[in-house]
Protein chains: 2
Amino acid sequence: MSLRYALLAALHESPATGYELTQRFRHRLAHVWNASHQQIYRELGKLHEEGLLTMTEVPQTEKPDRKLYQVTAEGEQDLRTWLTRPQPRPPTRDPLLVKLFAGDLLDLPALRAEMERLRMGWEQQLQTFQAIEQEHFSAPETLPQHYRMQHLALRRGILGIQASLRWLEEMEETLDQDN
Amino acid sequence: MSLRYALLAALHESPATGYELTQRFRHRLAHVWNASHQQIYRELGKLHEEGLLTMTEVPQTEKPDRKLYQVTAEGEQDLRTWLTRPQPRPPTRDPLLVKLFAGDLLDLPALRAEMERLRMGWEQQLQTFQAIEQEHFSAPETLPQHYRMQHLALRRGILGIQASLRWLEEMEETLDQDN
DNA sequence: CCTTACATGTAACAAGTTACATGATTAG
DNA sequence: CTAATCATGTAACTTGTTACATGTAAGG
């Protein structure tokens, strides 16, 4: 349900094509809402049908035409209404934690390898996030509300990853004791 | 895909009915893998068809018969194999973070109210988790591996919530500056 | 030569949600 | 009288994933 509102919010920031939105979701929105290009194109189609978006075809030579979407007044109103409604918090579904419940069936070397891969991934993502923070949000007080809110979303990502890394350390300690 | 393995792991711990599994998922597995009773019954049916579980009907008077499921050798092997394969980390999809990207359309009073509700929910869950930790995991070194792994999953939940609460504080500060 | 970026999709399937259905017993 | 616990499900729908499809241009 939230995908449509994520799209409306992203398009409210600035009009875009499905392709551009896919990039935004992959990069700036990776720590907020995940969506593949298939989902995005499908949802854009629906939103357009329902009159929440306008679509303008921008012809190109030698490439498929770009389809530029913008939020309509109705779309903005829909988003506004959604924003006032309390949203459920996302359910937890983590395959790695599932593994921990398999007890003695666990393959410890494989688990350690997986943890190591995870750690590298998280550390890299943390660096990316911190670089963005330095570049765009180094003086938060001076920023307009719009950007401060985005900064808060990024902070969430950073704090989450830091907690994950601390947890990994705890895990490694426990596994070392076990041996 | 992981739901089936969560079920196999839970049933490996001890055989159970769909109803009992639903309770476990709601309580002990809430911070690991979420699933509703409909999903659980459906998946148990499939797993049984595929021969990964055996099912024994236990007659009861005046109530529907209980269907007790147990993992077969094949099921255990399937779980073992899955455990050695690296799993993707769960994608992020958080409606509250989506809201932060709506910029000037955000309804700040509604946001504050939502944060307050969230905070209460998290604090309560944290207390629950910490109570479980004290009761079952106060001397982690002395526990068998099986329980130590479950403790690690719980630690993940605790660290995650603590990070969430710290983030909420940051948010409140920012909103207060804004006014 | 191969991959990445650009730019759009369709089709089939798997997973997750919401609503509905039944029926006894116990606790407040 | 009402709600919760026990115990099972079906049906319809929405969301998310995976695989396939097309075609150019630029960079290493």
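All chains are named by letter (A, B, ...) in the order of the sequence lines, taking the proteins before the strands, and each is independently numbered beginning at 1. The figures that follow rest on heavy atoms only: side chains count, while hydrogens, waters and symmetry mates do not.
- Regarding A:Arg93, its CZ atom lies at a distance of 18 Å from the P atom of C:dA14, rounded to whole Å.
- In this entry the distance linking CG of B:Leu21 with P of D:dT5 reads 18 Å, nearest Å.
- Residue A:Arg24 contributes atom CZ, which lies 16 Å from atom C1' of C:dC6 at whole-angstrom precision.
- In this structure, A:Leu3 places its CG atom 10 Å from C1' of D:dG16, rounding to the nearest Å.
- Put simply, NZ on A:Lys99 and CG on B:Leu83 are 6.0 Å apart, with the number rounded to the nearest 0.5 Å.
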Problem set entry | Base-contact (B) and sugar-phosphate-only (S) positions in nucleotides 7-12 of chain C, heavy-atom cut-off under 4.0 Å, - elsewhere | BBBB--
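- Side-chain polar atoms of A:His31 and A:Gln125 form no donor-acceptor pair below 3.5 angstrom.
- Atom CD1 in A:Ile40 sits about 15 Å away from atom P in C:dC6, given to the nearest Å.
- Going from atom CG of B:Leu79 over to atom CG of A:Leu106 covers 9.0 Å, rounded to the nearest 0.5 Å.
- Residue B:Gln39 has no polar side-chain atom (N or O) positioned under 4.0 Å from OP1 or OP2 of C:dA15.
- The distance from the CG atom of B:Leu7 to the CZ atom of B:Arg24 is 10.0 Å, given to the nearest 0.5 Å.
- Between the C1' atom of D:dG16 and the CG atom of A:Asn34 lies a distance of 11 Å, rounded to the nearest Å.
- Checked by atom type, the side-chain pair B:Arg156/A:Ser164 shows a donor-acceptor distance below 3.5 Å.
- The CG atom of B:Leu47 sits 14 Å away from the C1' atom of C:dA15 (whole-angstrom rounding).
- As a whole-Å value, the separation of B:Met1 CE from D:dG16 P is 18 Å.
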Side-chain donor-acceptor contacts of residues 45-54 of chain B below 3.5 Å, not counting sequence neighbours, with atom names and distances?
from	atom 1	to	atom 2	distance (Å)
B:Glu50	OE1	B:Arg4	NH2	2.6
B:Glu50	OE2	B:Arg4	NH2	3.2

